[in-house]
Amino acid sequence: GTLESYDNIAPMWGIRDKGKVTQVVRRFVKAVCTLEKEIIDFPEGTELFAMAEGFRDLCNLPFCVGAIDGTHVEIPRPPQNPGDY
C-alpha cells in the first residue's frame with residue numbers, strides 16, 4: 001500500500017473519475033469482509049498487539065495488524081507504467 005490519493009491513483013489505472021476509484025475500493029473492502037472468516041486469520045490477545053507493533057515499527061503503519069499481499073488475488077497491471085507492478 002501507499003499513501004497515494006484517489007486523484008493520483010485514478011489516472012494510473014486509466015480511470016477519469018476518482019468517484020469510480022472510491023466505488024472499486026468500497027466493493028473490494030466489502031468482498032474481503034464477506035470472506036473474512038474464510039480468508040483472514042485475525043490475531044488475538046498479545047499476538048494482536050505484537051503484530052500492530054511490528055507493522056508500526058517496520059512499515060510506519062500504526063494500528064495495522066495485517067496485510068493482503070495479492071498472492072491469491074489477481075491484480076491486473078495498469079495501462080500506464082505496467083512494468084512498475
Side-chain angles (χ1 to χ4, degrees):
T2 68
L3 298 177
E4 290 288 345
S5 69
Y6 290 165
D7 289 328
N8 293 335
I9 292 172
M12 289 169 47
W13 291 87
I15 301 171
R16 298 174 202 218
D17 178 12
K18 74 175 182 180
K20 186 66 172 175
V21 175
T22 303
Q23 290 174 359
V24 170
V25 169
R26 286 182 180 161
R27 283 180 58 200
F28 174 79
V29 170
K30 185 176 180 180
V32 168
C33 288
T34 61
L35 297 171
E36 174 188 3
K37 302 269 189 269
E38 298 171 41
I39 63 173
I40 298 174
D41 183 17
F42 201 75
E44 296 179 4
T46 57
E47 184 184 7
L48 178 73
F49 294 107
M51 189 76 70
E53 217 171 55
F55 273 99
R56 184 197 64 219
D57 295 347
L58 184 65
C59 307
N60 197 28
L61 290 172
F63 311 110
C64 179
V65 293
I68 298 174
D69 69 2
T71 301
H72 296 91
V73 179
E74 182 179 352
I75 302 174
R77 296 176 181 193
Q80 295 176 339
N81 306 318
D84 292 343
Y85 294 84

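Note: Arg27 CZ to Thr22 OG1 = 13.0 Å, rounded to the nearest 0.5 Å.
For Asn60, the CG atom is loosely surrounded, since the number of other residues' heavy atoms within 6.0 Å does not exceed 12.
Here the closest heavy-atom approach between residue Pro43 and residue Leu48 is recorded as O-CD1, 3.7 Å.
Inter-residue side-chain proximity for Arg56 and Glu53 is flagged as met; some heavy-atom pair is nearer than 4.5 Å.
The hydrophobic cluster containing Leu35 also contains Val32, counting ILVMFWY residues as joined when their side-chain heavy atoms lie under 4.5 angstrom apart, directly or transitively. Val29 and Ile15 fall within a single hydrophobic cluster, where Ile, Leu, Val, Met, Phe, Trp and Tyr side chains are chained together by heavy-atom contacts under 4.5 Å.
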